[in-house]
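Counting starts at 1 for both ligands and their atoms, following the listed order.
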Amino acid sequence: MIRFGPAGNCDRFYAEGYKASEQAPAWIAAQGLDAYEYAAGHGVTIREAAARKIGDAANAAGVAVSIHAPYYINCGNPEKAESSVNYLLRSAQAVSWMGGSRVIFHPGSPGDRPRGEALRVALDTIAAARAKLDAEGFHDVFLCPETMGRPSQLGTLDEVLLICQSVERTLPTVDFAHLHAAACGGMQGPADFEAVIRRMLDALDPERAHHFHAHFSRIAYTAKGERCHMTFADAGYGPEFSHLAPVLVRYGLEPTIICESRGTQADDAGTMKRIYREACAQGSPDGRA
Ligand SMILES: [Zn+2]
């Protein structure tokens with residue numbers, strides 16, 4: 001099934017008096033949503049007991065949990081390969097405690113290395129992480145490399161798809177805002193979204209392609225790519241979810257779509273779900289979703 005939910009805890013969650021992430025799954029379900037991406041970008045510091053509380057709450061609420069692994073992972077740098085594997089392992093451990101199965105991570109950056117060399121290092125590092133996860137018993141956890149918002153970073157759509165073709169039990173995290181920013185406004189209309197979806201369907205087996213992981217928000221960018229994530233209320237910034245929704249319906253895709261709007265991510269995830277339902281109603285021959 002397709003799922004929608006927020007990245008981390010939004011401003012309204014705290015404004016309504018909630019404090020702990022273990023309260024998030026029930027709150028998310030009450031908003032009509034069913035996914036939650038636990039934010040560990042600044043480090044996986046959560047302890048087992050707290051993570052299991054989130055897992056119990058998510059299970060009770062019918063919310064699927066993923067984790068965003070630390071931002072400082074750099075699979076493309078051989079000197080950071082070992083620590084990157086360990087951060088991915090800790091992320092896998094934490095999301096397992098939470099009852100989830102997706103570790104979202106940034107592939108890394110080439111630094112001074114030629115891009116092709118950095119990509120080869122990244123493929124080796126991610127394969128090593130896969131082996132380590134399996135050795136530690138995390139067979140059901142998927143590693144989900146993300147498409148990145150700056151051309152200087154590893155993580156073009158083709159690079160992410162290559163990683164997913166090369167390493168078992170990976171899923172692409174297609175960040176449509178990042179694709180838009182990296183191409184200085186590349187996601188202009190439904191045809192641009194369909195091209196992305198078709199490349200993914202061509203590259204991967206149907207099971208993985210149909211259940212890909214996605215990030216969506218509006219985004220500001222410069223000539224160098226991503227500047228910052230915006231909200232759906234920030235008119236004048238793309239991309240538009242209404243361009244993606246009919247493509248998801250036409251191809252029968254069931255991604256987990258995480259909203260990364262700044263502060264309003266749960267409300268904007270709800271808006272995406274409504275737009276998706278409207279696209280379903282329009283897309284079916286008899287007009288019913
Ligand atoms: Zn990310």
Side-chain angles (χ1 to χ4, degrees), residues 3-10 21 35-46 64-77 80 83-84 87-88 90-92 94-95 98 100-110 122 125-126 129 141-161 163-164 170-183 186-187 196 200 212-221 224-231 237-239 241 244 255-266 268-269 272:
R3 290 179 180 271
F4 295 91
N9 301 327
C10 69
S21 290
Y36 177 46
E37 192 147 296
Y38 181 81
H42 298 290
V44 185
T45 54
I46 191 165
V65 182
S66 50
I67 189 169
H68 198 308
Y71 300 129
Y72 40 76
I73 284 174
N74 187 349
C75 297
N77 181 340
K80 294 191 171 170
S83 62
S84 294
Y87 294 131
L88 289 170
R90 281 163 69 171
S91 303
V95 82
M98 295 177 199
S101 63
R102 295 183 177 194
V103 172
I104 301 11
F105 69 100
H106 300 173
S109 75
T125 304
I126 296 164
V141 175
F142 284 79
L143 293 171
C144 308
E146 178 177 338
T147 60
M148 297 307 297
R150 295 197 185 99
S152 60
Q153 298 162 302
L154 290 177
T156 63
L157 178 61
D158 284 343
E159 287 166 348
V160 164
L161 292 175
I163 292 167
C164 292
T170 47
L171 285 173
T173 298
V174 182
D175 187 315
F176 290 97
H178 284 167
L179 293 179
H180 186 68
M187 306 302 292
V196 169
M200 185 181 66
F212 69 102
H213 201 77
H215 287 165
F216 206 103
S217 71
R218 292 182 191 270
I219 195 162
Y221 56 86
K224 289 183 175 165
E226 169 182 15
R227 186 161 67 79
C228 59
H229 289 268
M230 309 297 284
T231 76
Y237 295 90
F241 185 72
L244 174 60
T256 294
I257 303 182
I258 297 296
C259 186
E260 291 193 319
S261 291
R262 279 212 296 189
T264 59
Q265 57 272 47
D268 291 354
M272 288 198 284

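No donor-acceptor pair under 3.5 Å is formed between the side chain of Arg102 and the backbone N or O of Phe142. A donor-acceptor distance shorter than 3.5 angstrom exists from the side chain of Ser84 to the backbone of Asn74, with no hydrogens or angles considered.
At a cut-off of 2.8 Å, measuring from the Zn ion (ligand 1), the protein N, O or S atoms that fall short of it are His68 NE2, His106 NE2, Glu146 OE1, Glu146 OE2, waters left aside.
Here the options are Gln153, Glu146, Glu260, Arg150, the test is side chain to side chain donor-acceptor pair (under 3.5 Å), and the partner is His178; only Glu146 passes. Evaluated for a side chain to side chain donor-acceptor pair (under 3.5 Å) with Glu37, the options Gln265, His68, His213 yield exactly one hit, His213. Remark: of the listed residues Tyr71, Tyr87, Tyr72, Tyr71 is the sole one forming a ring pair (Phe, Tyr, Trp, His ring centres under 6.0 Å) with His42.
In this structure Glu159 satisfies the salt bridge (Lys or Arg N to Asp or Glu O under 4.0 Å) test together with Arg115, sequence neighbours excluded.
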